[in-house]
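Data first, discussion second: the structure below is written as structure tokens.
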Amino acid sequence: MASDDELSLLLIVVDVNPLWWGRKAQEEPEFSLSKCIDAIMVLGNSHLVMNRNNRLAVIASHCQESHFLYPSKHWKGGDFASDENSAGSRDGKFELLTVANDLIVQEIKHLTARTQVRGQQTDTLLAGSLAKALCYIHRVTKQLEAGQEMKSRILVIKAAEDCASQYMNFMNVIFAAQKQGVLIDACVLDAESGLLQQACDITGGLYLKIPQTTSLGQYLLWVFLPDPDQRSQLVLPPPVHVDYRAACFCHRNLIEIGYVCSVCLSIFCNFSPICTTCETAFKIALPPVLKAKKKKPKLGT
Amino acid sequence: MTTSSEDVLLAIKRVRQKKQDGILFLMAERIAWTPEGKDRFTVSHLYADIRCQKISPDGKAKIQLQLVLHTGETTNFHFTNESSALKDRDAVKDLLQQLLPKFKRKTNKELEEKNRMLQEDPLLFQLYKDLVVSQVISAEEFWANRLSLNSVDSSLPNHKQEVGISAAFLADVRPQTDGCNGLRYNLTSDIIESIFRTYPAVKQKYAENVPHNMTEKEFWTRFFQSHYFHRDRISMGVQDLFSECAKLDDKGLKTMVGQGVKNPLIDLTSLDDQTLDEGYGVSSAPSSSGCTKSVKETSNTAIIKRFNLHSAMVLAAGLRKHEPQNEQNSETSSTDGNSRDSDFFQPPLKKVKLQEAIEYQDLKQENGKKTIALTLKKSERYSHGPVPVQSQPYTTSQDIINSVNYIKHEMDNYTPHLNHVLSSSAASSAITALSPGGLLMQGGAHQAINQMVPNDIQSELKHLYVAAGELLRHFWSCFPVNSPFLEEKVVKMKSNLERFHSSKLRPFQEKVQRQYLSTNRICMIKFENFGQWGLNDANLTGQKQPKQLVSKVQYLKIKEGEGLRNVDLLRSPKHLNSALRKRNSTILEMSANAP
């Protein structure tokens with residue numbers, strides 16, 4: 001039972017890549033971005049309701065930007081009565097939940113409305129969103145009163161595929177999260193993500209690839225709602241075996257045994273006498289060459 | 001009689017023991033007595049066994065020495081030589097006094113050390129119980145490796161910090177007036193120790209006189225009465241116990257001055273009083289030498305000399321341990337100085353200090369090694385993650401536009417319906433997948449082994465494993481077999497291992513088999529294989545069996561198999577003995593023989 005002073009911050013990073021969602025929605029109309037957002041709102045509300053001290057934040061990870069859906073800059077907090085749009089809570093819900101839900105909806109609408117079509121930017125800016133998340137956590141930690149402790153975790157809901165060019169940033173973010181003690185959980189909708197598997201393994205979070213996207217809400221509530229402290233008491237899906245193999249620099253194949261240049265540390269799957277990255281020449285011991293025996297000229301008998 | 005290696009330190013004739021005349025011998029490690037005319041020692045005691053010695057009081061006619069052993073026995077020696085009985089006895093007593101402490105500490109120390117080690121490490125204690133108490137290996141072998149490791153460590157903590165001497169110890173002995181014109185001095189053992197350490201001459205006097213000539217009280221009374229102690233040690237007329245000490249002290253002071261200053265660069269002037277100018281504050285008039293000094297001046301110089309001496313001796317007492325080294329250093333430096341130019345006649349410490357003051361490392365010439373810069377041609381390779389290059393699904397620009405528009409349209413019309421997030425069928429299918437045994441819960445079964453095997457079995461297995469490891473360590477340390485001792489040890493270890501197997505492993509195996517495993521036919525076969533040490537067979541048959549049984553048994557097998565695999569070597573004694581007899585087996589061969 002967490003003490004009253006302990007804060008628990010859940011930060012949800014949603015992948016709202018319009019290309020992926022648009023294509024997916026055209027293939028399977030029953031699961032769309034709106035259903036996903038609904039499920040996320042249910043999770044967020046549940047988290048806020050679990051404990052009076054719990055906090056929530058939602059970041060939308062787009063191709064062009066990472067945007068905070070909640071808490072939003074545009075929200076002037078505490079001013080319910082004077083707000084024209086929302087006349088308080090319409091259905092008797094906890095005020096905070098109403099505000100959160102409304103904000104999320106509002107922000108996602110604004111975000112998608114200002115999406116511009118650009119051909120070359122088709123990858124989700126996941127590393128950037130995670131970096132923003134860590135910054136937010138850091139800021140909130142600094143704003144705590146003396147004596148308050150905060151435990152935070154990031155839940156990544158990933159739709160599109162991994163982007164290889166974000167690898168360095170991604171790894172930096174993961175190690176920063178590990179240092180800060182922030183867990184990274186991952187809920188993957190479509191393609192298995194090696195980077196997120198590594199992130200979950202390193203920071204101690206949970207990785208789950210969902211077989212049915214229509215039951216997303218159930219998976220979120222069952223697996224990702226409980227606090228990390230409580231997870232040891234629950235029977236949850238076992239950790240995935242993470243593939244930590246490196247990829248060779250020449251073909252980008254994942255290899256277990258390879259050749260490493262001792263000067264520039266680049267990895268190759270085959271031996272080559274000159275390292276293509278740093279142009280150092282290497283010699284390898286060849287098997288000893290047997291000299292052909294000279295036939296002694298027979299002495300004349 | 002004596003073994004050839006013992007040296008006789010002292011031999012006293014005309015010593016009676018139990019009404020018999022004889023000769024008393026003191027050797028390096030024991031004391032022994034033989035009756036007159038005989039060859040054998042009838043009485044022999046190791047110094048280690050002797051707890052203490054007692055001597056008869058001085059007044060008595062019989063001059064005796066008594067040895068009390070640890071066991072409580074006493075042995076009396078009566079010295080009957082007319083002329084030198086007292087001297088003999090005292091010689092024996094002194095020698096014993098020196099030798100006994102050395103031996104006393106050693107034996108106690110060993111036992112204490114062993115006990116301490118056993119108490120501190122419960123694993124070690126358990127191992128000891130398993131192996132030595134049940135007589136699998138002897139206690140000496142057990143301690144052979146361990147004591148040697150720890151005796152090095154134990155010597156270190158014995159270096160307690162040396163306690164220095166307070167310079168004011170003599171002043172602490174404040175005399176109190178006794179009322180009737182006398183003075184009382186309170187002496188604690190600390191003060192006495194300080195006096196002895198500072199003035200070794202006094203210690204010598206004490207050792208000579210107490211308790212023969214006078215009691216301790218008398219000694220100290222004389223000490224305080226003597227002019228040696230009092231301030232003005234001018235009048236040397238009175239013959240005193242301590243006048244010799246005064247002479248020795250003077251000599252000591254002269255030698256100290258002769259040694260010279262080791263570090264002439266110490267800034268002594270920083271200790272001086274700061275004066276405004278000559279003549280103000282501090283009188284700097286040079287003392288005129290040659291004129292007769294008044295009585296007051298002589299007493300002042302005497303006091304100052306006393307103070308100097310006292311401080312010097314206090315410092316010297318603290319450094320006395322390092323004195324031999326210091327003397328060597330000063331000797332070499334002085335001989336160097338005499339034989340060479342005055343340039344070289346600098347104490348080494350001064351040189352070092354001068355060097356430090358002159359040189360700055362930054363200002364020296366850079367003699368760094370030449371380095372080659374790293375040039376990378378294709379550095380973007382590093383930033384590509386271990387994501388294999390996959391063929392991306394081809395998205396035309398039309399697809400992109402379509403998707404974006406679709407999403408825009410959808411989000412425009414988006415209102416959250418939080419009541420309809422889940423249908424009950426979707427929810428229940430998700431729950432099924434997440435329940436134990438479901439789609440997503442595969443791979444969690446392997447954790448159950450820990451819970452399946454009960455704790456006491458686990459701990460017993462651990463103990464057996466550790467004990468087997470210990471035996472094997474002894475066994476393998478004998479190779480390569482270079483000496484007959486090792487050969488014996490190998491054979492002994494082989495028998496030990498077999499004994500261990502029969503007395504410990506087999507019953508355990510049978511217990512586990514009886515109590516915890518079901519009588520599955522395949523399982524019984526498996527255990528028979530196990531018992532016959534044919535581990536290779538078991539590996540092959542293991543694939544066909546149900547997972548849980550296999551995993552359980554393999555868990556046990558892995559724990560015991562590592563130990564037992566080595567013992568397979570011993571199953572073919574012919575093999576081993578022939579190898580030993582040949583004596584040209586290398587480690588490679590021996591390990592090749594092991595499976």
Side-chain angles (χ1 to χ4, degrees), chain A residues 18-23 25-26 32-35 37-39 41-42 45 101 105 108-109 111-113 115 117 119 122 161-162 164-168 170-171 194-195 208 211-212 214-215 217-219 222-223 235-238 243 245-247 249 251-254 263-264 266 276-279, chain B residues 372 374-390 392-393 395-397 399-431 433-436 438-447:
Chain A
L19 303 166
W20 189 90
W21 280 107
R23 199 180 61 233
Q26 285 165 8
S32 61
L33 181 58
S34 21
K35 292 252 165 59
I37 303 283
D38 283 347
M41 282 202 286
V42 166
N45 290 351
N101 293 346
V105 170
I108 191 77
K109 284 188 178 179
L111 178 63
T112 47
T115 309
V117 179
T122 55
E161 292 86 19
D162 270 346
S165 56
Q166 293 178 15
Y167 172 65
M168 279 300 208
F170 210 91
M171 294 314 285
L195 293 177
L208 186 66
Q212 295 163 281
T214 42
S215 343
Q218 182 59 49
Y219 287 110
W222 185 281
V223 179
V235 179
L236 292 173
D243 190 359
R245 289 180 295 171
F249 279 36
H251 312 106
R252 290 285 145 200
N253 295 333
L254 294 176
V263 174
C264 62
S266 42
T276 43
T277 320
C278 63
E279 304 202 334
Chain B
I372 305 173
L374 180 69
T375 52
L376 296 174
K377 293 289 173 205
K378 299 179 195 166
S379 51
E380 67 275 1
R381 280 180 179 181
Y382 291 101
S383 45
H384 196 287
V387 178
V389 173
Q390 291 158 343
Q392 300 282 351
T395 46
T396 59
S397 43
D399 286 337
I400 295 174
I401 296 170
N402 286 348
S403 311
V404 171
N405 288 339
Y406 189 94
I407 287 291
K408 276 188 186 173
H409 180 76
E410 184 194 335
M411 282 292 121
D412 256 344
N413 304 332
Y414 168 51
T415 45
H417 294 288
L418 294 181
N419 313 355
H420 304 294
V421 169
L422 272 182
S423 69
S424 56
S425 57
S428 53
S429 65
I431 292 176
L434 285 171
S435 312
L439 205 60
L440 297 168
M441 305 295 280
Q442 303 301 323
H446 64 267
Q447 294 168 5

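In what follows, chains carry the letters A, B, and so on, assigned in the order in which the sequence lines appear, proteins first and then strands, with residues in each chain numbered from 1.
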- Message: With rounding to the nearest 0.5 angstrom, report the CG to CG distance, B:Asn419 to A:Asp38.
- Response: 9.5 Å

- Selection from A:Thr276, A:Asp243, A:Leu111, A:Val223 maximising heavy-atom pairs under 4.5 Å formed with chain B: A:Thr276

- Item | Heavy-atom side-chain proximity of A:Pro237 to B:Leu434 below 4.5 angstrom | yes

- Within a strict 4.5 Å, meaning less than it, do heavy atoms of the A:Phe249 and B:Tyr382 side chains meet? yes

- Query: Which heavy atom of A:Ala25 sits nearest a heavy atom of B:Tyr406, and at what distance?
  - Reply: CB-CE2, 3.4 Å

- Item | For the student: nearest non-hydrogen atoms of A:Lys109 and B:Tyr414, plus distance | NZ-O, 2.8 Å

- Tightest non-hydrogen contact, residues A:Cys264 and B:Leu376, listed as CB-CD2, 3.6 Å

- Note on the structure: Of all heavy-atom pairs linking B:Lys408 and A:Ala113, the shortest is CE-O, 3.8 Å

- Message: Using heavy-atom distances under 4.5 Å, tell me whether A:Trp222 contacts chain B through its side chain, its backbone, both, or neither.
- Response: side chain

- Tell me, do B:Val421 and A:Gln218 make a side-chain contact under 4.5 Å, heavy atoms counted? no

- Note on the structure: The interface call for B:Asn402 against chain A, heavy-atom contacts under 4.5 Å, is both

- Task: For A:Glu279 and B:Thr375, run side chain to side chain contact (heavy atoms under 4.5 Å, CB included): C-alpha distance rounded to whole Å, both residues' side-chain angles, the deciding distance at 0.1 Å, then the answer.
- Result: CA-CA 8 Å; A:Glu279 304 202 334; B:Thr375 52; 6.0 Å; no

- Task: Rounded to the nearest 0.5 Å, what's the gap from OG1 on A:Thr277 to NZ on B:Lys378? Could you check?
- Result: 7.5 Å

- Message: Looking at every non-hydrogen atom in both residues, tell me the closest pair between A:Ser34 and B:Met411 and how far apart they are.
- Response: N-CE, 3.7 Å

- Item | Minimum-distance pair of heavy atoms, taken over all atoms of B:Ala430 and A:Gln212 | N-OE1, 4.3 Å

- Could you check if a side-chain atom of A:Asn45 sits within less than 4.5 angstrom of a side-chain atom of B:Leu418, using non-hydrogen atoms only? yes

- When the 4.5 angstrom heavy-atom criterion is applied to B:Ser425 and chain A, the contacting part is neither

- Scan side-chain atoms only and decide if A:Ser266 and B:Arg381 contain a donor-acceptor pair under the 3.5 Å cut-off. no

- Query: Given the options B:His409, B:His420, B:His417, which has more heavy-atom pairs under 4.5 Å with chain A than any of the others?
  - Reply: B:His417

- For the pair B:Ile407 and A:Thr115, evaluate side chain to side chain contact (heavy atoms under 4.5 Å, CB included) and give the outcome as yes or no after the intermediate values. CA-CA 9 Å; B:Ile407 287 291; A:Thr115 309; 6.0 Å; no

- Task: Look at B:Asp412, B:Ile401, B:Leu374, B:Ile431 and state which one has the largest set of heavy-atom pairs under 4.5 Å with chain A.
- Result: B:Ile431

